[in-house]
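First up is the structure itself, then whatever we jot down about it.
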2 protein chains.
Amino acid sequence: MVEALLLALRARDAIDPDEVAIVAGLVDEVAMVPAKRTVLKRGVPLSHSILLIEGMMCRYKDMRNGSRQISAIHVPGDFLDLHGFTLKHLDHDVMALTAAKVAYVPHDRLTRMTEQYPHLTRLFWFLTNLDAAMHREWEVSLGQRSGAARTAHLFCELYTRLALVGKAEPDGFAFPINQTELGECLGMTSVHTNRVLRDLRERGLLDFRRGVAKLLDPEGLKRVAEFDPAYLYLDSRPR
Amino acid sequence: MVEALLLALRARDAIDPDEVAIVAGLVDEVAMVPAKRTVLKRGVPLSHSILLIEGMMCRYKDMRNGSRQISAIHVPGDFLDLHGFTLKHLDHDVMALTAAKVAYVPHDRLTRMTEQYPHLTRLFWFLTNLDAAMHREWEVSLGQRSGAARTAHLFCELYTRLALVGKAEPDGFAFPINQTELGECLGMTSVHTNRVLRDLRERGLLDFRRGVAKLLDPEGLKRVAEFDPAYLYLDSRPR
DNA sequence: CGACGCATTGACTCCCGTCAATAAATGTGG
DNA sequence: CCACATTTATTGACGGGAGTCAATGCGTCG
């Protein structure tokens with residue numbers, strides 16, 4: 001159940017067998033979620049956090065005019081709302097992009113973890129700081145990168161993160177999202193997203209169609225994106 | 001020394017006197033920093049976190065073409081790099097916008113805090129989650145808001161945060177930043193920033209000149225910005 | 001007083017949004 | 001398996017917000 005989470009943690013620090021058991025013991029129930037379902041609404045008091053086991057989800061905020069900004073994409077092994085443990089309610093919504101499987105982690109178990117297991121506490125704290133690091137990189141994308149570079153960057157990031165939990169193919173990955181939603185990640189309209197995707201395809205960099213991403217030229221894509229995975233903290237060291 | 005931090009914490013949860021002493025005891029040395037100085041460089045191993053006592057700073061990332069994105073502004077009471085405690089090195093730089101006063105908090109003291117004081121640990125964890133919430137709101141600004149709305153939003157946010165630590169006047173606040181740097185927060189060039197500021201001034205919403213921001217029409221500014229302070233979590237409750 | 005940083009403005013360009021039409025893919029019921 | 005509806009992708013035409021380049025003005029300070 002927590003295998004993907006352990007892969008993510010082990011990429012950042014050593015986890016001993018006791019800790020594996022404790023992490024596994026955090027999970028209460030497991031549930032299935034249909035695609036497109038909003039699973040967390042802003043402002044609602046929280047009593048548990050949700051670990052994504054299978055599928056993909058996203059965090060987003062809606063504007064009054066109907067537009068939407070997606071602020072993060074979630075892959076298996078990610079918590080959707082570990083930050084909700086200390087925030088107590090969210091400032092954003094979370095929605096399933098695909099049918100998904102999730103595990104519930106009651107906040108009282110996390111509280112107990114903070115009382116008894118400081119190293120795991122720091123690791124979980126690290127996970128929320130990693131979320132923030134990704135948010136910062138998205139700020140850079142939205143503020144400074146061109147449409148094409150920002151699109152390329154998103155695909156580089158997702159490839160890296162999915163590969164870490166064994167969900168990527170050698171040349172690409174499944175990314176079941178439409179162009180409207182992709183545009184909502186990138187701060188672009190679906191029309192412009194479509195044009196950017198055509199441009200990247202014609203340049204032999206990326207082919208994204210029908211929910212499948214093929215990295216035609218990974219190195220070229222990284223170059224266009226100015227992608228440096230340092231912000232993903234893929235170095236195992238004591239935390 | 002830690003008064004502003006305590007103001008920020010008390011706005012979010014009750015702090016008992018023992019905890020005040022522990023927080024005060026986290027601080028090691030205090031230092032002055034001249035304006036424009038980069039105080040933290042990405043990638044450098046960290047052994048302490050830095051609390052901002054006086055002045056303003058920012059987090060930023062530089063692009064290869066010389067452009068820069070500022071991803072956060074810091075006010076007194078903010079940690080510049082509390083996330084560095086678990087990340088161990090930063091993914092961004094931090095620079096002083098003004099002359100500033102900072103306090104060093106050794107990581108080993110924070111580690112001891114995680115071992116002995118779970119409630120304070122959760123509060124400090126909360127602070128980093130608050131950073132992430134602000135990053136998310138900036139993503140929304142950069143992705144969805146127009147230049148004028150995003151500028152208005154930034155000033156609304158800063159007014160709220162500065163007022164919380166007693167650094168705002170009734171009708172505005174000191175914000176010692178030039179239009180180039182302001183543009184780097186907003187993902188715009190300095191030229192366009194200038195035009196947006198003129199527009200907001202002519203509309204009677206905001207007057208920002210020579211490092212001083214006057215909110216001419218706070219309600220109108222909030223309306224233009226679609227500013228909802230919920231993401232700043234200004235509700236005191238057990239964490 | 002002169003140098004420098006910063007602010008302001010104009011002219012021009014272009015990336016990207018808007019509006020709209022059409023095609024292609026997907027789903028659904030009979 | 002077909003007919004139809006719905007969603008999604010694609011493309012064109014047009015306009016506007018924001019970038020670029022460049023000139024000028026202004027405030028500060030050694």
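Below, read A as the first sequence line, B as the second, and so on, with proteins coming before strands; counting in each chain starts at 1. What you see below is based on every heavy atom in this structure, not just the backbone, and it leaves out hydrogens, waters and symmetry mates.
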Checklist line | Separation of D:dG19 P from A:Arg145 CZ (nearest whole Å) | finding: 17 Å
Item checked: Options D:dA18, C:dG17, D:dT20, nucleotide nearest the side-chain atoms of B:Val191 -> D:dT20
Margin query: Can you confirm whether or not the ring centre of B:Tyr233 sits under 6.0 Å from the ring centre of A:His89?
Written below: yes
Checklist line | Length of the CG-P vector between A:Asp199 and C:dC16, whole Å | finding: 10 Å
Next item on the list: Find the distance A:His192:NE2 to C:dC19:C1' and express it as a whole number of Å.
Entry: 17 Å
Margin query: Pick the closest DNA chain D nucleotide for B:Ser146 and for A:Asn178 by heavy atoms, then say which residue is nearer the 5' end.
Written below: A:Asn178
Next item on the list: Using atom CZ of B:Arg201 as one end and atom P of C:dA7 as the other, report the distance to the nearest whole Å.
Entry: 11 Å
Next item on the list: Report yes or no: does A:Asp217 contribute a side-chain atom to a donor-acceptor pair with the main-chain N or O of A:Gly220 at less than 3.5 Å?
Entry: yes
Next item on the list: For the helix from C:dC1-D:dG30 to C:dG30-D:dC1, figure out the bend between the end axes, five pairs an end, and round to 10 degrees.
Entry: 40°
Item checked: Out of C:dA7, D:dT11, C:dC16, whichever nucleotide has its closest atom nearest the side chain of A:Asn194 -> D:dT11
Check: Is there a side-chain polar atom (N or O) of A:Arg198 under 4.0 Å from OP1 or OP2 of D:dT11?
Finding: yes
Margin query: Listing request: all salt bridge (charged side-chain N to carboxylate O under 4.0 Å, His left out) pairs with a residue in residues 175-184 of chain B, at least two apart in sequence or in separate chains.
Written below: B:Lys36-B:Glu181
Notebook entry, point to check: Would you say the base of C:dG10 and the side-chain of B:Arg195 have a donor-acceptor pair closer than 3.5 Å?
Noted result: yes
Check: How is A:Gly187 classified with respect to the nucleic acid when contacts are heavy atoms under 4.0 Å: base, sugar-phosphate, or nothing?
Finding: sugar-phosphate
Next item on the list: Examine distances only and state if a side-chain atom of A:Thr151 and a backbone atom of A:Gly147 form a donor-acceptor pair shorter than 3.5 Å.
Entry: yes
Next item on the list: Any ring pair (Phe, Tyr, Trp, His ring centres under 6.0 Å) involving residues 54-77 of chain A? Give me the pairs, sequence neighbours left out, ordered by first then second residue.
Entry: none
Next item on the list: Take the protein atom CE of A:Met188 and the nucleotide atom C1' of D:dG17, then report the distance between them rounded to whole Å.
Entry: 17 Å
Next item on the list: Please collect all salt bridge (charged side-chain N to carboxylate O under 4.0 Å, His left out) contacts where either partner lies in residues 66-80 of chain B, sequence neighbours excluded, each pair once.
Entry: B:Asp62-B:Arg68, B:Asp78-B:Arg161
Margin query: Rounded to whole Å, please give me the gap between CG in A:Leu182 and P in D:dA9.
Written below: 9 Å
Notebook entry, point to check: Who passes side-chain contact (heavy atoms from CB on, under 4.5 Å) against A:Pro34, sequence neighbours left out?
Noted result: A:Arg37
Check: Rounded to whole angstrom units, what separation is found between the CG atom of A:Leu142 and the P atom of C:dC16?
Finding: 12 Å
Notebook entry, point to check: For B:Gln144 and C:dG17, what is the distance between atoms CD and C1' respectively, to the nearest whole Å?
Noted result: 12 Å
Could you list the protein-to-nucleotides 21-28 of chain C atom pairs, N/O on both sides, closer than 3.5 Å?
none

Margin query: Show the nearest heavy-atom pair for residues A:Arg145 and A:Arg150, with the distance to one decimal.
Written below: O-NH1, 2.8 Å
Checklist line | Note: B:Asp235-A:Lys88 ion pair, threshold 4.0 Å (strictly below) | finding: no
